[in-house]
Amino acid sequence: MSAVTELEIRRPDDWHLHLRAGAMLDGITPSTTADFARAIIMPNLVPPVVTTADAEAYRTRIMAAVPQGDTFEPLMTLYLTGVTDPDDVAAGAASGLIKALKLYPAGATTNSESGIRDIETAYPVLERMSEIGLPLCMHGEVTDPDIDIFDREAVFIDRVLIPLRARFPDLRIVMEHVTSRQGVDYVRSQEKNLGATLTVHHLIINRNAYLVGGIKPHFYCLPVAKRETHRLALREAATSGDSRFFLGTDSAPHADPAKESACGCAGIFTAPTAMSCLAHVFEQENALDKLEAFVSLNGPAYYGLPVNEERLRLVRGEAPLEWPKRVSTGAGPVTVFDPGFPLFWRVEKGAKG
Ligand code: DOR
Ligand code: ZN
């Protein structure tokens, strides 16, 4: 059988994306809109996107950053706080603007200070979300100082997620950026109301990437990449075709000085080469026929949205792809994720639609 060198799929979506604000937003948005039709937009701005009115204003700002000629629909989320108003959430969802809420345990990651300290404070909102079928996206890590950072996800499942699902069985949950074998196994064990996003970088790097040979801040993100056995579990899940798993890049740009610092920010900017990296991974796993499910079909099915009608063509070239190592923005340069191997798959420009 001859090797596949061309692939046409429905245009993909990114079910977890950080677009930031201001000059950073303007600088990095084109990296996503070139390839992706829609994205779930994370609300962890400063100040966070808390109300439907905040999300409306943010959506307008995002649309102004989309280059002419690209079609892109931002799927807006609200940042769940202890004082989120269930009526506002329901109104935002009914209007079609709000597609999910995001739960950050306070202190878990970038701009999570306004997040949840006591989950019971969110019960009235979660109750309403269960009733109306609005998904909850979760940053699934505990923040207890006595829990090792490599165990934060597994402990979250036992201490927070399992009890929460028992209390709200009808709540539709997305476990964001699953990074562990325990996470994959838990999602697989659940028949309904649980989906999971997987990032590009967690399919490619393990913890050696940021710790061996010196501290490598451009491979530091949260949840941290774990040991190899976990990476292999994630690859198996992504390439299996299992509809509970779909792409959420968690592409999370920070200007280089903020990462190359004594206390560097968490976040990896993968948007520019996300599709090339994924085609590479799926090819390595002999699963190019499952790529469309992961990037274009499973996500819309879970969110109850139509699939995209536009197409995207991927072509495997003979020579390694050249891509910019850095994207310059008005907020400073942002280093692009380096997968550590040459990329051969490119998105054929002009082949959309
Ligand atoms: O690495 C990360 N960066 N993980 C997150 O959860 C947040 C994100 C960010 O906003 O920079
Ligand atoms: Zn994120």
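Throughout, numbering of the chain's residues begins at 1 and tracks the sequence. We count ligands from 1, going down the list as the structure has it; atoms in each ligand are counted the same way.
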Cut-off 3.5 Å, no hydrogens considered: what does the side-chain donor-acceptor table look like for residues 94-101, sequence neighbours left out?
residue: S95; atom: OG; partner: G92; partner atom: O; Å: 2.9
residue: S95; atom: OG; partner: L97; partner atom: N; Å: 3.3
residue: K99; atom: NZ; partner: G96; partner atom: O; Å: 2.4

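At least one heavy atom of R20 sits less than 4.0 Å from an atom of ligand 1. Remark: distances from the non-hydrogen atoms of E176 to ligand 1 are all 4.0 Å or more.
Polar contact with ligand 1: present for T109 (N/O pair, distance under 3.5 Å). Distances between N or O atoms of C221 and those of ligand 1 include no value under 3.5 Å.
Of the heavy atoms in H254, only side-chain atoms (C-beta onward) come closer than 4.0 Å to ligand 1.
Interatomic distance, NZ of K226 versus CZ of R181, reported as 13.5 Å (0.5 Å rounding).
Taking the six-membered ring for Trp and thresholds of 30 and 60 degrees, H16 and H177 have ring planes inclined between 30 and 60 degrees apart. The aromatic rings of F168 and Y123 sit perpendicular, their planes meeting at an angle over 60°, well past the 30° parallel limit.
Hydrophobic cluster membership for V307: L297 (Ile, Leu, Val, Met, Phe, Trp, Tyr linked by side-chain heavy atoms under 4.5 Å, directly or transitively).
Taking the Zn ion (ligand 2) as the corner point, the angle from H18 atom NE2 to H16 atom NE2 is about 110° (rounded to 10 degrees).
Distances from atom 4 (N) of ligand 1 to the heavy atoms of N44, L222, N111, T199 put L222 nearest.
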